[in-house]
Participant: 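The structure that follows is given in the form of structure tokens.
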Amino acid sequence: MQLEQVGPYLWRIPRDAERGMRVPGLVVADERLIASIRSDAALEQLANGATLPGIVRAALAMPDIHQGYGLPVGGVVATDAVHGVISPGAIGFDINCGVRLVKSSVDAADIAARMERLVDALYAAIPTGVGSRGALTLDARTLDEVLARGAAWAVERGYGVPDDLERIESGGCLDGADPGKVSDRARERGRRQLGTLGSGNHFLEVQVVDEVEDARAAEALGLHVGQAMVMIHTGSRGLGHQVCTDYLDVAGKALRRHGISVPDRQLACAPNDSPEARDYLGAMRAAANFAFANRQLLTHWARDVFARVLGADARELAVVYDVAHNIAKVEEHVVDGVVRRLTVHRKGATRAFPGQPVIVPGDMGRYSYLLVGTEAAMRETFGSTCHGAGRVLSRSAAVRAARGRRVDLELRERGVVARATGKDALAEEMPEAYKDVKDVVDVVHRFGISLRVARLRPLGVIKG
DNA sequence: ATGTAC
């Protein structure tokens, strides 16, 4: 794949009309990261993304890009909201997978002696693992409300406070959600999964503010060094997965009906002004609302656990921000001096509007970051930035590398109490399975599409 | 990511 450097942190795949590219590909990276990206099939997938009808400016990739389904994880594709297309594969299976950061009113040093108890209690209170079922079972009408209202539904039911909603992307509820476009099968999978963590890289961590880089921004968000925090990384579980599966099929059929050709069936798509696209958008927004409600419920149970284990005062867990990294949003952006309405696909990419908190989780042994979005992100990346570290070992390679080792004890030596459900969950997710998130964050910070505010270090983690 | 194969 031809790749030319066009700036200190920007690389271009030139537009190749023969392969159907309508625009170039652009990768945000430095020399070191681009070396590992070069050998990855992700660049082919990014070039494929550049063929989507109605794509604007470029198919973009963040520095944590890696191979995904259709479009690489770390990809950002903006299409004309009327004359372009929407592609379920360019959003991903875990619709509104995202991250929530919550601040506590206690210092980590004051709860260090009770960390084992705290993590055990969180692990007992929050269902984890593949296929895990929640404390709730929703009837059809209640599920409709969750799908239509998102986190607002949870807060109305007492799972949180109205202030929480002010600190969630889009207020924790996407307008235009259409529960009627979510299949019975997806609904059945979701019915017992609200308030569950899931598996894989999903987690709930107790963290500490390790270092503050932007003192003013940190103070404005109420953060200080030494403060205990909670970070939650999960999405729409089996419901969102089924919505994606259902609409990949719809989009596959739409290709023929609308005379669209794509180089990879995984990039199947439908014109934004077609019934197929409207249906998918309605279902995707409903799944996104399910995910917002999911993170809200986990926050509620974390509050209960903090109060029970640490005392009533510790119940005060306030949302700092909650942001999606697998989603499509219809947004206005300035392109060549003209305001345009675009369908922005972010797949493993985080919205980074000016002043907006951005949460970038790393691996469970090292650290995560809080950043803030910028005007540069609006100019360069349709208001987007990276979403995490990215794997360096496959799951199976990680399990092989961990054979004969005790990852739980290794984490304990690094000061992290870990509890997990799956047999190989800790091995698959061990720190050395991931790139150092610091390298990824350095690039987006230097390029200017989001700026470091604080670094967070894990103290306790529960996983599926 | 995922009732990790309907």
Participant: Going by atom types only, do A:D40 and A:H66 share a side-chain donor-acceptor pair under 3.5 Å?
Facilitator: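 No donor-acceptor contact under 3.5 Å links the two side chains.
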Participant: Within 45 degrees of the ring normal and closer than 6.0 Å to the centroid, is that where the cationic atom of A:R167 sits relative to A:Y321?
Facilitator: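 Negative - A:R167 is either too far from the ring of A:Y321 or too far off its axis.
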Participant: May I have the distance from A:D249 (atom CG) to B:dC6 (atom P), rounded to whole angstrom?
Facilitator: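 The distance from CG of A:D249 to P of B:dC6 comes to 14 Å, rounded to the nearest Å.
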Participant: Looking at B:dG3, I'd like to know if its phosphate oxygens (OP1 or OP2) sit under 4.0 Å from a side-chain N or O belonging to A:Q242.
Facilitator: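 So the side chain of A:Q242 is outside the cut-off, no N or O lying under 4.0 Å from OP1 or OP2 of B:dG3.
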Participant: If I take atom CZ in residue A:F93 and atom C1' in nucleotide B:dT4, what distance separates them, rounded to the nearest angstrom?
Facilitator: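 Result: 12 Å.
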Participant: Do A:R157's NZ or CZ and the ring of A:Y159 fall within the cation-pi criteria of under 6.0 Å and 45°?
Facilitator: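 Judged by the rule, A:R157 and A:Y159 form no cation-pi pair.
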Participant: Rounded to whole Å, how long is the line connecting atom CZ of A:R185 with atom C1' of B:dT2?
Facilitator: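 Going from A:R185 (CZ) to B:dT2 (C1'), I get 12 Å.
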Participant: How long is the line joining CZ of A:R189 and P of B:dT4, in whole Å?
Facilitator: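 A:R189 atom CZ is separated from B:dT4 atom P by 8 Å.
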Participant: Among A:R32, A:R452, A:R455, which residue meets the salt bridge (charged side-chain N to carboxylate O under 4.0 Å, His left out) test with A:D442?
Facilitator: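 Going through the options one by one, the only one that passes is A:R452.
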Participant: Is A:T245 near enough to B:dT2 that one of its side-chain N or O atoms lies under 4.0 angstrom from OP1 or OP2?
Facilitator: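 The answer is no; no side-chain N or O of A:T245 sits under 4.0 Å from OP1 or OP2.
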Participant: Roughly, in whole Å, what's the span from CD1 in A:I95 to C1' in B:dT2?
Facilitator: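 That distance rounds to 12 Å.
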Participant: Whole angstroms only, please: what is the CZ-P distance between A:R133 and B:dT2?
Facilitator: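 In whole Å, B:dT2 P lies 15 Å from A:R133 CZ.
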Participant: Tell me what A:R395 touches on the nucleic acid: a base, only sugar-phosphate, or nothing, going by heavy atoms under 4.0 Å.
Facilitator: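 Base: the residue A:R395, judged by heavy atoms under 4.0 Å, touches a nucleobase.
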Participant: Nearest-Å distance, CD (A:E188) to P (B:dG3)?
Facilitator: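 A:E188 atom CD is separated from B:dG3 atom P by 13 Å.
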Participant: Given atom CG of A:N96 and atom P of B:dT2, what is their separation to the nearest angstrom?
Facilitator: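 A:N96 atom CG is separated from B:dT2 atom P by 13 Å.
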